[in-house]
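Note sheet for the following structure.
What you see is a predicted model; the values in this text were computed from it and never measured.
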2 protein chains.
Amino acid sequence: MAETSASTAGKPAKQDAKAKLLDAALATIRTKGYAATSLDELCAAAGVTKGAFFHHFKSKDALGVAAAEHWSETTGELFANAPYHDHPDPLERVLGYVAFRRSLLTGGIPDFTCLVGTMVQEVHETSPAIREACDRSISNHAKTLEADIEAAMAARGMKPGWSAASLALHMQAVMQGAFILAKAKGGAEVAAESVDHLARYIELLFGAKTR
Amino acid sequence: MAETSASTAGKPAKQDAKAKLLDAALATIRTKGYAATSLDELCAAAGVTKGAFFHHFKSKDALGVAAAEHWSETTGELFANAPYHDHPDPLERVLGYVAFRRSLLTGGIPDFTCLVGTMVQEVHETSPAIREACDRSISNHAKTLEADIEAAMAARGMKPGWSAASLALHMQAVMQGAFILAKAKGGAEVAAESVDHLARYIELLFGAKTR
DNA sequence: GACTACATACCGACCGGTTGGTATGTAAGC
DNA sequence: GCTTACATACCAACCGGTCGGTATGTAGTC
């Protein structure tokens, strides 16, 4: 992850433009969407030229795919290092995940909304490569929750009509929908209330007390 | 309001360009998004010319606002005439609404996904007028659920930590999020499962049996 | 009922700026 | 001296939007 900086040897800081382009892509696409983000604007935001862009990405679509993958990596790290994994009880870890996501709902709307959810809305019919990259990002993230959900089910001897995988995906659906409402209303509050409903659902599902 | 149709006489109903444009806008924007929908393409799909477009709409943004309002009207009728209102029990009406939404999840993805949810994702920071029109569409639709939710709460003497309004909005969030997952996975199944989780949540909230 | 006056509905050529993409150049490292 | 990492210059297609024009009412006047 830290190969960008000149690090140990006298290596001359490669990949500078590519990283700046990717970071600018996350910010710009989260703000105005994929189609409305022009390459000129993106390059200006990154402080590089069009030549640099097409040196690193063969097309705008390729940038979209790379941006989705970059998003997966950075958010993957964020969640991997989050404190909710420390709970000994698996249900507490699942609820801790929800609480962690709730705590992320601060700042401006482009600061907490999801890049791949935004992108896939626009390009699902027109760019299969980006659609698949977004699917991978969401699905792989959901998968990180399955083990804890299954452990919580097993601890209670539950054999319900739903699967851990479907609950993990439903949790992502609630987050994505909460982002849309936040965008519509211009604030994070409505999203936070939806996340509260999600936490309540999980508590009820597992027979925990409702607050 | 009904001056469009030729009604009684065999009059050829002049003003159909606007209606055709609006219908084409719903289909095209639901498929490729707002920004990626060009006016040339839209006019071609509607079978009218650019001149007709700018006669009826003063800008592309104005079309976006009109499309959101048109969407509100057509979906408003669809839900107003839906059978779930006939249940005598308010909770059954709320669950009937969810079941109705689930039953709508058929056909291609652009056929069942939400116009305003798609649009607001893209333009929330760049077009306040469209953002507000989308917010009105979602919020007014959610409001149609509040009375039934409140009646169901009152029937059980419930005074929970959540409001009918917030549950109604959460239901919309789940739908919108389900659409995003459907777009990412390229099929309706994942959305249907999320809607099932929503129904289960409502049953648990109101103490009904879980299936 | 013919004439004028004006409005509405629509057409399609056209405009200047922007778009994604390319071709070529160049300076630095191995 | 060849590859990598950019920069500069440029292009054709396309973008949203304008504009002059026409065909078809419609209402009032005599």
Practice task
By nearest nucleotide on DNA chain C, pick out whichever of A/Leu39 and A/Gly51 is the more 5' one.
Solution key: A/Leu39

Exercise for the section: Indicate whether OP1 or OP2 belonging to C/dA9 is found under 4.0 Å from a side-chain N or O atom of B/His55. Expected result: yes

Fill in the blank from the handout: Whole-Å distance, B/Leu21 CG to C/dA9 P, equals 13 Å

Problem - Which nucleotide in C/dC10, D/dA7, C/dT22 has an atom nearest any side-chain atom of A/Phe54 - result: C/dT22

Completion exercise
Residue pair B/Ala52/A/Ala35 against DNA chain C: nearer the 5' end by closest nucleotide is B/Ala52

Problem - For atom CG of B/Leu63 and atom C1' of D/dC15, their distance in whole Å - result: 15 Å

Handout entry: Which nucleotide in C/dC10, D/dG16, D/dT4 has an atom nearest any side-chain atom of B/His56
Key = C/dC10

Practice task
Using the six-membered ring wherever Trp is involved, compare the ring planes of A/Tyr84 and A/Phe100 and label them parallel, tilted or perpendicular (cut-offs 30° and 60°).
Solution key: tilted

Problem - Out of C/dC10, D/dC6, D/dA7, whichever nucleotide has its closest atom nearest the side chain of A/Val48 - result: D/dA7

Problem - Within 45° cone of A/Tyr34 ring axis and under 6.0 Å: A/Lys60 NZ or CZ - result: yes

Practice task
Determine, for A/Lys183 against B/Glu125, whether the closest basic-nitrogen to carboxylate-oxygen distance falls under 4.0 angstrom.
Solution key: no

Fill in the blank from the handout: B/Asp61 CG to D/dC15 C1', in whole Å, measures 14 Å

Handout entry: Nearest-angstrom distance from the residue atom CG of A/Asp40 to P of C/dG21
Key = 12 Å

Problem - Close side-chain approach of A/Ile149 to A/Tyr97, heavy-atom, < 4.5 Å - result: no

Exercise for the section: Using only heavy-atom distances, decide whether a donor-acceptor pair under 3.5 angstrom links the side-chain of B/Lys60 to the base of D/dG17. Expected result: no

Practice task
Could you tell me whether B/Thr49 contacts a base, only the sugar-phosphate backbone, or nothing, with contacts defined as non-hydrogen atoms closer than 4.0 Å?
Solution key: base

Exercise for the section: Check the distance between C/dT18's P and A/Glu41's CD and give it to me in whole angstrom. Expected result: 12 Å

Fill in the blank from the handout: Heavy atoms of B/Thr113 and B/Arg30 approach each other most closely as O-NH1, 2.6 Å

Practice task
Would you kindly give the NZ-to-C1' distance between B/Lys50 and D/dG20, to the nearest whole Å?
Solution key: 16 Å

Problem - Residue A/Ala17, side-chain heavy atoms: nucleotide from C/dC11, D/dC6, D/dG16 that is nearest - result: D/dC6

Handout entry: Between C1' of D/dG16 and CD1 of B/Ile130, the distance in whole Å
Key = 13 Å

Handout entry: A/Lys32 NZ - C/dT19 P separation (whole Å)
Key = 8 Å

